[in-house]
Amino acid sequence: MAQQNNPSSIQLDRRGLLFVLSSPSGAGKSTLARKLLTSDQQISLSVSATTRPPRAGEVDGKDYHFVDKETFKAMVANGEFLEWAKVFGHRYGTPRGPVEDMLENGQDVLFDIDWQGTQQLFQEAGNDIVRIFILPPSITELEDRLRNRATDSDDVINDRMSRAKSEIGHWDGYDYVLINDDVEACFEKITHILAAERLKRMRQKGLIGFARKLVEG
Ligand code: ADP
Ligand code: 5GP
């Protein structure tokens with residue numbers, strides 16, 4: 001359960017939602033996700049497990065749970081993932097328990113996952129999921145961003161660029177598609193989408209009782 005954002009309005013119970021941001025690597029989804037997490041107390045990040053080695057500055061348990069392949073396989077076998085996928089030769093998965101706990105505690109959950117994971121999550125969560133795909137303004141800008149980010153070797157950047165076009169091909173598996181040209185403008189659109197999605201009637205569990213009281217009163 002979660003509450004609406006406006007403290008001066010009547011607070012009705014609503015269902016938490018699963019908010020997915022996907023993009024080809026380098027389009028800016030981590031930047032946008034970080035801004036959202038800083039500015040919105042009602043949403044928390046689902047921290048994925050991965051077999052990829054940590055990048056400089058990444059913190060275990062905060063950015064990812066960094067695990068070895070054997071541990072990851074055991075987690076798959078134990079049904080510990082809501083979804084998982086192989087991306088760039090490494091495995092990535094969403095641990096089930098923390099997501100269920102966050103929803104239970106009235107938090108919306110933010111996912112930075114690829115299109116394969118988004119499809120699997122949609123099978124599990126249906127109407128509770130809101131899917132946003134972030135596009136770069138151009139392919140050259142995407143490559144510039146990956147190079148300026150300076151977190152990956154040339155080989156890794158080339159690999160990410162060669163995968164970008166096939167990832168972009170999955171844009172139509174999403175509810176919203178945004179072009180991240182200006183980061184502030186794109187972020188504003190994300191906050192509008194989130195605000196509107198939170199207000200959807202199907203998420204407003206408290207409406208039935210509220211409307212009944214109005215009618216009976
Ligand atoms: P992703 O998580 O999609 O791989 P990042 O959020 O790491 O991408 O962004 C890649 C790089 O591009 C980062 O250095 C980030 O600061 C930069 N960036 C993100 N959005 C924009 C934007 N709208 N304009 C210019 N640079 C951006
Ligand atoms: P990166 O190595 O750049 O952190 O992530 C590479 C890709 O893996 C990104 O597209 C990211 O969204 C995706 N990813 C990260 N965590 C998960 C996850 O738990 N599940 C899936 N399916 N993809 C993930």
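Worth knowing before you read on, the calculation uses all heavy atoms, side chains too, and leaves out hydrogens, waters and symmetry mates. Remember, it's 1-based here, ligands and their atoms both numbered in the order they're listed.
Close approach of ligand 2 to Ala85 (heavy-atom distance below 4.0 Å) involves ligand atoms 22 (N). Short contacts between ligand 1 and Ser23, defined as distances under 4.0 Å to a heavy atom of the residue, involve ligand atoms 3 (O). Atom numbering of ligand 1 starts at 1 in the shown order; those under 4.0 Å from a heavy atom of Ser25 are 4 (O). Heavy-atom proximity to Gly93, at under 4.0 Å, picks out these atoms of ligand 2: 18 (C), 19 (O). With ligand atoms numbered from 1 in the order given, ligand 2 contributes 2 (O), 3 (O) to contacts under 4.0 Å with heavy atoms of Arg160. Ligand-side atoms of ligand 2 in range of Gly117: 22 (N), range being under 4.0 angstrom from any heavy atom. Short contacts between ligand 2 and Arg52, defined as distances under 4.0 Å to a heavy atom of the residue, involve ligand atoms 1 (P), 2 (O), 4 (O). Short contacts between ligand 2 and Thr94, defined as distances under 4.0 Å to a heavy atom of the residue, involve ligand atoms 19 (O).
For ligand 1, the polar-atom distance check against Asp112 finds no nitrogen or oxygen pair separated by under 3.5 Å. Between Asp182 and ligand 1, not a single N/O pair is under 3.5 Å apart. Not one N or O of Asn148 is nearer than 3.5 Å to an N or O of ligand 1, by distance alone. Polar contact with ligand 2: present for Tyr92 (N/O pair, distance under 3.5 Å).
Among protein heavy atoms, atom 22 (N) of ligand 2 sits closest to Asp114 OD1, 2.8 Å. For atom 6 (O) of ligand 1, the nearest protein heavy atom (residue, atom name, distance) is Thr31 OG1, 2.5 Å. Protein heavy atom in closest approach to atom 14 (N) of ligand 2: Asp112 O, 3.6 Å. With respect to atom 10 (C) of ligand 1, the closest heavy atom belonging to the protein is Gly26 O, 3.5 Å. Remark: minimum distance from atom 7 (C) of ligand 2 to any protein heavy atom is reached at Val87 CG1, 3.7 Å. Looking from atom 2 (O) of ligand 1 to the surrounding protein, the closest heavy atom is Ser30 OG, 2.5 Å. Among all protein heavy atoms, the one lying closest to atom 19 (O) of ligand 2 is Ser48 OG, 2.6 Å. When hydrogens are left out, the protein atom nearest atom 20 (N) of ligand 2 is Glu83 OE2, 2.7 Å; that is the closest non-hydrogen contact. Protein heavy atom at the shortest distance from atom 4 (O) of ligand 2 is Tyr64 OH, 2.5 Å.
Nearest heavy-atom pair across Arg149 and Arg55 is NH2-NH2, 3.9 Å. Listed here is the closest heavy atom pair of Leu37 and Leu45: CD2-N, 3.6 Å. Heavy-atom minimum distance, Gly57 versus Asp63: O-OD2, 4.1 Å.
Counting heavy atoms closer than 4.0 Å to ligand 1, residue Ala27 contributes backbone atoms (N, CA, C, O) but none from C-beta onward. Contacts of Glu167 with ligand 2, taken as heavy-atom pairs under 4.0 Å, are absent altogether.
In this structure, the separation between CZ on Phe66 and CZ on Phe72 is 13.0 Å, given to the nearest 0.5 Å.
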**Request:** Apply side chain to side chain contact (heavy atoms under 4.5 Å, CB included) to Leu142 and Arg160, showing your working.
**Result:** CA-CA 10 Å; Leu142 183 69; Arg160 287 178 191 273; over 6 Å; no
**Prompt:** Going through the checks in order, is the side-chain hydrogen bond (donor to acceptor under 3.5 Å, both in side chains) test met by Asn105 and Gln107?
**Reply:** CA-CA 6 Å; Asn105 293 328; Gln107 288 285 299; over 6 Å; no
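Remark: side-chain polar atoms of Ser48 are not paired, donor with acceptor, to backbone N or O of Tyr64 under 3.5 angstrom. Side-chain N or O atoms of Thr51 include one that pairs as donor or acceptor with a backbone N or O of Arg91 at under 3.5 Å. For Gln120 (side chain) and Trp84 (main-chain N/O), a donor-acceptor pair under 3.5 Å exists by modelled atom type. Looking at Glu141, its side chain never comes within 3.5 Å of a backbone N or O of Ser138 through a donor-acceptor pair. Judged purely by atom type and a 3.5 angstrom limit, Arg15 has no side-chain atom pairing as donor or acceptor with the backbone of Asp128. Asn148 places a side-chain N or O within 3.5 Å of a backbone atom of Asp144 that can act as its donor or acceptor partner.
Nearest residue to atom 13 (C) of ligand 1 from Glu184, Glu141, Arg149, Arg160 is Arg149 (criterion: closest heavy atom).
Stacking of Arg131 on the aromatic ring of Phe122 is recorded, both the 6.0 Å distance cut-off and the 45° axial limit being met.
A salt bridge links Asp108 with Arg14: the closest approach of a Lys/Arg side-chain nitrogen to an acidic carboxylate oxygen falls below 4.0 angstrom. Taking 4.0 Å as the cut-off between side-chain N and carboxylate O, Arg163 and Asp114 do not count as a salt-bridged pair.
The closest approach between a heavy atom of Arg55 and any atom of ligand 2 is below 4.0 Å. Under the 4.0 angstrom criterion for non-hydrogen atoms, Gln120 is not in contact with ligand 2. At a 4.0 Å cut-off, at least one heavy atom of Asp181 sits close enough to ligand 1 to count as contact. Under a 4.0 angstrom heavy-atom cut-off, Asn180 registers as being in contact with ligand 1.
When hydrophobic clusters are built by joining Ile, Leu, Val, Met, Phe, Trp and Tyr residues whose side-chain heavy atoms come closer than 4.5 Å, directly or via intermediates, Phe111 is grouped together with Met102.
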